[in-house]
Amino acid sequence: MLRRKQKHFLLKSFSLLSVVRGYNILIIVLAQYLTSIYILAPELPIRHVILDINMLMLVLASAAAIAGGYIINNFYDREKDLINRPRKTMLDRLISQRTKLSTYFVLNFLSVVLASYVSFKAVIFFSLYIFGIWFYSHKLKKYPAIGNIVASTLAVIPFFAVFIYYRNFDVVIFVHATFLFLLIAMRELVKDLENLKGDLAQNYRTIPVVYGEGLSKRMLTILSLLTLVPAYFLITQFEIGYMYLYFYGSMLALAFFVFILWKSKEKLHYMILHGILKFVIVIGVFSIVLIDVPLLLKRFV
């Protein structure tokens with residue numbers, strides 16, 4: 001049996017993991033490594049990428065900055081989340097606001113220190129990234145369209161840290177990034193629809209609040225159609241191995257998404273739509289290995 005102090009410690013640990021979205025950070029770390037192995041540095045043996053200390057520092061710096069970003073976002077959204085996510089908010093509130101802010105500053109400092117191991121340019125990169133996250137959470141997220149664009153951009157930026165490190169400027173990378181950006185932009189807009197009640201109460205001027213659900217649905221439909229453009233080029237113009245199966249599957253998932261979207265009227269429906277987009281993004285991370293399955297075994301040698 002666990003003692004009272006041990007139970008309290010475990011609950012606080014789960015609360016902190018909930019605040020920093022530990023599962024999301026693990027997916028981002030995995031995505032950075034798989035992107036590096038299969039897209040950014042496909043000529044290098046896998047062990048060279050995995051054991052590269054500079055790469056590790058960049059990934060850890062990204063993880064620390066993103067975790068800090070989740071904390072400051074949680075700090076500013078505490079009242080809104082109490083309306084939109086009451087159960088999760090009660091868990092998150094096991095950690096005091098003072099502890100959250102202290103952890104936020106520690107994580108940001110750690111991110112910059114880790115980046116300093118790589119280069120001064122990396123320090124500048126992550127310092128600007130940290131400031132961008134804070135400015136978005138403090139100001140920009142309350143404005144329609146601008147908040148969505150900035151949020152989607154901030155979600156993609158960690159990949160540019162390793163992109164710049166490997167100095168790979170192939171067009172295929174930007175096409176992949178465009179597809180991911182569109183999916184994340186859709187997810188951000190669905191989150192706005194999902195959180196409409198809390199946004200109205202706290203005077204957040206999101207797209208659904210300002211322009212209504214109808215326009216938001218039309219925008220989501222257009223964004224889903226736009227994903228066809230990078231998907232088409234990736235399938236027809238670039239060597240992506242068996243990953244074409246993922247893009248065909250994602251097109252089917254997005255067609256189902258649009259079908260459900262126009263029948264959605266309640267928060268539960270938007271939560272399902274959010275889940276569909278999250279599933280497509282996560283499966284996309286694991287599908288990177290399909291780019292060159294036979295080479296996977298050879299590159300361990």
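The first residue in the sequence is number 1, and the count goes up from there. Every heavy atom of this structure was used, including side-chain atoms; hydrogens, water molecules and symmetry mates were not.
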Run the side-chain contact (heavy atoms from CB on, under 4.5 Å) check on Ile72 and Asn108 step by step: do they pass?
-> CA-CA 11 Å; Ile72 199 65; Asn108 286 340; over 6 Å; no

Which heavy atom in [X] sits nearest to a heavy atom in [Y], and how many Å separate them?
X	Y	result
Val258	Ser224	CG2-OG, 3.3 Å
Ala155	Pro158	O-CD, 3.5 Å
Gly69	Ser137	O-OG, 4.4 Å
Met243	Ile291	SD-CG1, 3.8 Å
Pro208	Leu189	CD-CD1, 4.2 Å
Leu58	Ala122	CD2-CB, 4.3 Å

Is it the case that atom [atom1] in [X] sees more than 12 heavy atoms from other parts of the structure closer than 6.0 Å?
X	atom1	result
Tyr211	OH	no
Tyr232	OH	no
Phe238	CZ	yes
Tyr166	OH	yes

Among Ile207, Val190, Leu254, the one residue meeting side chain to side chain contact (heavy atoms under 4.5 Å, CB included) with Leu220 | Val190

Applying side chain to side chain contact (heavy atoms under 4.5 Å, CB included) between Thr206 and each of Asn195, Leu193, Asp192, report the one that passes.
-> Asp192

Gap between atom [atom2] of [Y] and atom [atom1] of [X] - 0.5 Å precision:
X	Y	atom1	atom2	result
Leu60	Met55	CG	CE	10.0 Å
Ile25	Leu30	CD1	CG	13.5 Å
Leu154	Ile184	CG	CD1	10.0 Å
Leu40	Gln32	CG	CD	10.0 Å
Phe247	Leu290	CZ	CG	10.5 Å

Checking the side chain of [X] only, and the main-chain atoms of [Y] only, is there a donor and an acceptor separated by less than 3.5 Å?
X	Y	answer
His274	Tyr270	no
Glu188	Ile149	no
Lys217	Lys263	no
Asn74	Tyr70	no
His269	Glu266	yes

Using the rule that Ile, Leu, Val, Met, Phe, Trp and Tyr join whenever any side-chain heavy atoms are under 4.5 Å apart, tell me whether [X] and [Y] fall into a single cluster.
X	Y	value
Leu252	Leu245	no
Phe109	Tyr117	no
Tyr204	Leu140	no
Met271	Ile276	no
Ile39	Val171	yes

Applying ring-ring contact (aromatic ring centres under 6.0 Å, His included), run through Phe163 and Phe174 and close with a yes or a no.
-> CA-CA 10 Å; Phe163 160 72; Phe174 294 97; 5.5 Å; yes

For [X] and [Y], take the angle between the two ring planes, folded into 0 to 90°, and tell me which bin it lands in: parallel under 30, tilted 30 to 60, perpendicular over 60.
X	Y	result
Trp134	His138	parallel
Tyr246	Phe179	perpendicular
Tyr129	Phe126	perpendicular

Between Asp52 and Tyr165: side-chain donor-acceptor atoms closer than 3.5 Å = yes

Indicate whether the side chain of Lys141 and that of Asn73 have a donor and an acceptor atom separated by less than 3.5 Å.
-> yes

With side chains defined as the heavy atoms from C-beta onward, is the minimum distance between Ile173 and Phe160 less than 4.5 Å?
-> no

Derivation and outcome, side-chain contact (heavy atoms from CB on, under 4.5 Å), residues Thr227 and Ser250 | CA-CA 9 Å; Thr227 61; Ser250 65; over 6 Å; no

